[in-house]
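First the proteins, then the strands, lettered A, B, ... as listed; each starts at 1.
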Amino acid sequence: MTDVTASGVPEAITTSDGVPLKVSLARATRRQRMQALLLVLPLLLFLLVAFVLPIGEMLFRSVYSPIGPNVLPNFSKVIHEWDGEDLPPEAVFEVFVKDMTEAKKSNEIGKTVGNLATRVNYEIPGSRGLFTKSARKVKNITEGPYKEALIALDKRWENQHIWRTLQRISSNYTASFYLAATDRKYNEDNEIVRADPLYQIYLPILGKTLWLSALITFICLLIAYPVSYLLATLPLRTSNLLMIMVLLPFWTSLLVRTTAWIAMLQTEGIVNNILVFTRVISEESRIQMIYNQTGTIVAMVHILLPFMILPLYSVMKTIPPYYMRAARSLGATGTYSFIKVYFPQTIPGIAAGTLLVFILAIGYYITPALVGGSDGLLISNLIADHIKKTLNWSLGSALGAILLAIVLIFYWIYNKLVGVDNLKFG
Amino acid sequence: MTALDKLPAPGYIAYAVACIVAYLFTGTLVATIGIALIIGLPLFFMSDLPPYATWLEKFGQYIFLLICTMIFIFLITPVLIIMPLSFNSEPYFSFTQGMMSLDPAAFSTRWYQDIFLFGMNDPNRTEGWWSDVWNNATWVKAAANSFKFAVLATILATFFGTLAALGLSRPEMPWRSAITSLLISPMIVPLVITATGMFFFYAKKDTFPFFPRGLINEDIGIVLAHATLGVPFVIITVTATLTGFDNSLIRASKSLGANGWTTFRRVIMPLIMPGMISGALFAFITSLDEVVAVIFLADVHQVTIPRQMFSGIREQISPTILAVATVLVLISICLLTTLELLRRRSERLRGLSPG
């Protein structure tokens with residue numbers, strides 16, 4: 001019932017306390033939205049501290065490298081004025097010599113000559129000795145001309161390349177680790193070029209990772225498709241029983257399964273024993289199936305297979321069996337009706353499974369590390385090596401950032417095509 | 001009835017021929033029986049094909065089932081094969097001659113004893129044997145650590161994850177898909193990247209309250225890492241139980257005078273319980289199995305089962321690993337059974353299936 005005021009304009013509907021209904025509804029909705037958000041907030045804050053900030057820290061480390069300014073504070077301020085032609089002016093040399101003398105006395109981590117030498121060595125392999133040697137003797141240079149004295153110490157100080165590199169690393173932020181991670185470097189003329197073929201490691205490994213992941217995904221799809229079809233078409237009682245065969249490996253520890261594959265595939269292992277026993281191969285020609293790419297592929301296919309079977313199965317279960325029968329009754333052959341009727345309906349499952357397996361495969365670390373030998377290693381293993389062994393943290397971070405970018409692209413595609421809320425287990 | 005009807009079907013003849021060929025090729029009876037089993041197994045699963053099915057279709061069906069049988073063997077063999085192998089009396093990773101001929105002397109439980117003995121100060125002492133085990137045996141310490149981390153991480157992940165899932169499944173949740181993607185991402189981002197980030201971030205000094213030296217080499221760092229990795233599983237499973245949740249139940253409960261907490265405890269909680277428990281189980285097993293974060297964040301004393309296995313496989317591979325693996329598989333079977341029972345209960349509660 002609408003009251004009509006004297007002017008004839010209908011008045012807005014109000015709640016009993018006189019607030020317009022629209023405002024009241026908006027208020028109630030906002031409160032509900034806030035309530036929903038409040039429920040999620042604790043987890044968001046938790047993940048912010050435990051997950052998002054750490055990854056941000058890694059990304060930051062991939063461009064932040066303050067060793068130059070830390071070890072040579074004054075030099076880093078003046079070297080920027082050098083135009084890159086010839087050699088830096090005498091004044092810069094003087095500051096450099098004094099900074100080096102100071103740095104030699106420092107023991108603080110991140111501020112020693114050793115740190116600087118390592119940092120420059122990343123840019124110019126083999127230059128480490130120049131810094132450590134010069135640092136020992138530089139305190140003897142007490143008066144000018146510093147340029148001549150330094151060059152007398154070591155001829156290599158005459159080289160422009162060294163000074164240009166020092167100029168480049170005298171800033172807190174650098175892109176040089178991304179260059180290194182993509183097998184590029186600065187040449188003597190300060191131009192970005194591809195590294196020597198001998199030093200090209202990361203792009204080939206990245207390529208191999210993508211290729212192996214694609215291969216593993218494809219094998220998984222080939223294997224998972226018939227099994228999921230069987231599971232989806234069998235009566236529920238039987239298929240539940242067979243499902244255990246899929247879920248048990250899924251629930252078994254990754255390390256247990258990797259160990260099991262070592263026992264299966266090693267030269268004295270079960271597969272080789274069976275092959276010898278059934279006279280497929282002779283005792284002498286046992287096959288090397290583990291500690292190489294084959295081992296990585298077999299073990300990873302086994303480990304990732306459930307991630308392909310489960311989405312495929314859940315899609316196939318929703319396809320009514322009478323579609324195929326209808327196609328057959330209309331005269332299509334078995335193969336034709338499968339290709340034209342059944343297969344197109346399974347494409348959502350294929351998309352979900354392939355993307356998930358591919359995303360998980362790209363970042364795999366444990367299995368390649370244990371059964372990959374040397375040629376079955378993936379990009380993750382390289383990252384871990386840089387973080388834990390060679391301690392080139394910035395390069396490890398840059399590689400990690402590249403891997404993260406690739407994974408996020410595929411995650412975005414997955415989100416668009418499949419939607420994260422469709423992720424299910426069991 | 002003609003004499004022809006008494007002849008066996010062509011399938012059986014083919015089967016017999018295949019077995020004979022296998023025997024002639026391998027020359028051993030055991031191998032032939034194995035092959036006969038594998039190629040015979042699909043025959044049991046041959047479903048009733050319609051009468052108009054051609055010979056080619058029947059053959060196709062058989063080949064399809066044979067392929068499926070092989071795939072199931074591929075899936076399950078590695079998990080099962082470690083069990084008999086762990087009873088090897090020799091320090092090898094493969095079946096010995098004695099084991100093949102079922103010689104009792106070739107089997108032993110020495111590797112299971114080794115779980116307790118490895119790392120002990122003096123395994124032969126009689127006094128204080130158990131305290132020696134508890135304090136020094138490597139695997140026992142690793143198990144204690146593993147369970148400690150897993151329980152704490154599970155509690156954290158389940159608590160935060162369930163709250164968030166409750167919020168996410170509300171119809172009025174803003175930016176739902178973006179937030180869900182973020183909350184699921186710990187499962188998607190490669191472990192090495194997560195671990196690297198944590199390794200840098202948790203090492204920061206004077207950043208975290210109560211931990212001036214950072215969270216590296218502290219239990220809390222590993223627990224946080226494992227909880228992060230467990231969260232997506234809790235969200236996925238609890239959200240799944242909440243789909244199709246009847247919101248009028250909440251209104252009904254409120255109209256009957258229950259406050260928010262009572263409604264949660266008496267109405268929502270029983271319904272999402274199966275999802276919560278299976279999410280918690282997933283989080284638990286994720287933590288129990290996690291090794292990358294431990295390698296990056298823990299110091300040498302914080303050994304867990306997977307870490308000990310990892311270094312064991314790399315350095316001195318011994319069948320003790322197989323014995324531990326067998327125990328882990330048994331744990332997995334228990335968890336899987338629990339989960340299956342929960343799933344059925346949940347479906348029954350929500351009226352999705354007759355049970």
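Contacts of A:Ser397 with chain B are made by side-chain atoms alone, with heavy-atom separations under 4.5 Å and no backbone atom involved. With a threshold of 4.5 angstrom between heavy atoms, A:Leu403 approaches chain B through its backbone and through its side chain. For B:Tyr92, no part lies under 4.5 angstrom from a heavy atom of chain A. A:Trp412 does not touch chain B: none of its heavy atoms, backbone or side chain, sits under 4.5 Å away. Contacts of A:Leu360 with chain B are made by side-chain atoms alone, with heavy-atom separations under 4.5 Å and no backbone atom involved. Only the side chain of B:Phe199 comes within less than 4.5 Å of a heavy atom of chain A; its backbone N, CA, C and O stay farther away. Residue A:Arg33 touches chain B through both its backbone and its side chain, counting heavy-atom pairs closer than 4.5 Å. With a threshold of 4.5 angstrom between heavy atoms, B:Leu339 approaches chain A through side-chain atoms but not through N, CA, C or O. Within the 4.5 angstrom heavy-atom criterion, no atom of B:Leu56 approaches chain A. Proximity to chain A (any heavy atom under 4.5 Å) is restricted, for B:Ile285, to the side chain, taken from C-beta onward. A:Leu53 touches chain B through backbone and side chain together, each having a heavy atom under 4.5 Å away. For a residue to count as touching a neighbouring chain, one of its non-hydrogen atoms must lie under 4.5 Å from one of that chain's; by this rule A:Ile406 does not touch chain B. In this structure, the portions of A:Leu254 lying under 4.5 Å from any heavy atom of chain B include both its backbone and its side chain. Using a 4.5 Å cut-off between heavy atoms, A:Asn381 does not touch chain B at all. When heavy atoms are compared at a cutoff of 4.5 Å, B:Leu281 approaches chain A by way of both its backbone and its side chain. Neither the backbone nor the side chain of A:Leu265 has a heavy atom closer than 4.5 Å to any heavy atom of chain B. With a threshold of 4.5 angstrom between heavy atoms, A:Val52 approaches chain B through side-chain atoms but not through N, CA, C or O. At a 4.5 Å heavy-atom cutoff, A:Ala224 makes no contact with chain B through either its backbone or its side chain. For B:Leu163, the parts lying under 4.5 angstrom from a heavy atom of chain A are both the backbone and the side chain. Within the 4.5 angstrom heavy-atom criterion, only side-chain atoms of B:Leu156, from C-beta onward, approach chain A. With a 4.5 angstrom heavy-atom cutoff, A:Met264 touches chain B only via side-chain atoms. For A:Phe277, the parts sitting under 4.5 Å from any heavy atom of chain B are the backbone and the side chain alike. Contact of B:Leu328 with chain A is made through the side chain alone, with heavy-atom distances under 4.5 Å.
Contact count versus chain A (heavy atoms, under 4.5 Å) is highest, among B:Thr239, B:Val329, B:Val189, B:Leu191, for B:Val189. Contact count versus chain B (heavy atoms, under 4.5 Å) is highest, among A:Thr258, A:Leu47, A:Ile359, A:Leu370, for A:Leu370. Ranked by heavy-atom pairs under 4.5 Å with chain A, the first of B:Thr228, B:Leu224, B:Leu80 is B:Thr228. Contact tally against chain B (heavy-atom pairs below 4.5 Å) for A:Leu59, A:Leu38, A:Leu305: the top residue is A:Leu305. Heavy-atom pairs under 4.5 Å with chain B peak, among A:Pro249, A:Ala401, A:Ser253, A:Gly396, at A:Ser253. Of the residues considered (A:Ile55, A:Val227, A:Val371), A:Val227 shows the highest number of contacts with chain B, using heavy-atom pairs under 4.5 Å. For the options B:Pro171, B:Ala157, B:Ser185, heavy-atom pairs under 4.5 Å to chain A are most numerous at B:Ser185. In terms of heavy-atom pairs under 4.5 angstrom with chain A, the leader among B:Ile295, B:Ile71, B:Ile82 is B:Ile71. Of the listed residues A:Ile383, A:Ile366, A:Thr29, the one with more heavy-atom pairs under 4.5 angstrom with chain B than any other is A:Ile366. With chain A as the partner, the residue from B:Val192, B:Leu166, B:Leu85 showing the most heavy-atom pairs under 4.5 Å is B:Val192. The choice from B:Ile188, B:Thr194, B:Ile184 that makes the most heavy-atom pairs within less than 4.5 Å of chain A is B:Ile188. The candidate with the highest count of non-hydrogen atom pairs below 4.5 Å against chain B, out of A:Val301, A:Leu404, A:Ile362, is A:Leu404.
Aromatic ring centres of A:Phe60 and B:Phe200 lie farther apart than the 6.0 Å criterion allows. For B:Phe201 and A:Phe51, the ring centers are positioned 6.0 Å apart or more.
Taking OG from A:Ser394 and CD1 from A:Ile387, the interatomic distance works out to 8.5 Å, rounded to the nearest 0.5 Å. If you take CZ on A:Arg257 and CH2 on A:Trp251, they are separated by 12.0 Å, rounding to the nearest 0.5 Å. Atom-to-atom distance recorded for B:Thr207:OG1 and A:Glu57:CD is 8.5 Å, nearest 0.5 angstrom.
Between B:Ile179 and A:Leu37 the shortest side-chain heavy-atom distance falls below 4.5 Å. The side-chain heavy atoms of A:Val276 and A:Ile281, taken from C-beta on, include a pair separated by under 4.5 Å. For the pair B:Ile81 and B:Phe95, the minimum side-chain heavy-atom distance is below 4.5 Å. Here the side chains of A:Tyr365 and B:Pro190 are not in contact, with every heavy-atom distance at 4.5 Å or above. The shortest distance between side-chain heavy atoms of A:Leu310 and A:Met243 falls below 4.5 Å.
Closest approach of B:Ala164 and B:Leu183 over heavy atoms only: CB-CD1, 4.2 Å. The nearest pair of heavy atoms linking A:Tyr229 to A:Thr233 is O-OG1, 2.7 Å.
Classification of the B:Phe233-B:Phe282 ring pair by plane angle, with boundaries at 30° and 60°, yields parallel. Between B:Phe74 and A:His302, the angle of the ring planes goes over 60°, which puts this pair in the perpendicular group of the 30/60° scheme.
A donor atom on one side chain and an acceptor atom on the other are not found under 3.5 Å apart for A:Thr267 and A:Asn272.
Shown here is A:Ile109, whose CD1 atom has no more than 12 heavy atoms of other residues, nucleotides or ligands within 6.0 Å.
Judged by distance alone, the side chain of B:Thr237 and the main-chain N or O of B:Ser278 form no donor-acceptor pair under 3.5 Å. Although no hydrogens or angles enter the test, the distance criterion places a donor-acceptor pair under 3.5 Å between the side chain of B:Arg176 and the main chain of B:Leu168.
When each of B:Ile222, B:Leu229, B:Thr304 is tested with B:Glu290 by the rule side-chain contact (heavy atoms from CB on, under 4.5 Å), just one qualifies, namely B:Leu229.
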Report the C-alpha separation of A:Thr259 and B:Ile313 in whole Å, then their side-chain angles, then the decisive distance to 0.1 Å, and conclude whether the side-chain contact (heavy atoms from CB on, under 4.5 Å) test is met.
CA-CA 7 Å; A:Thr259 317; B:Ile313 295 170; 3.3 Å; yes

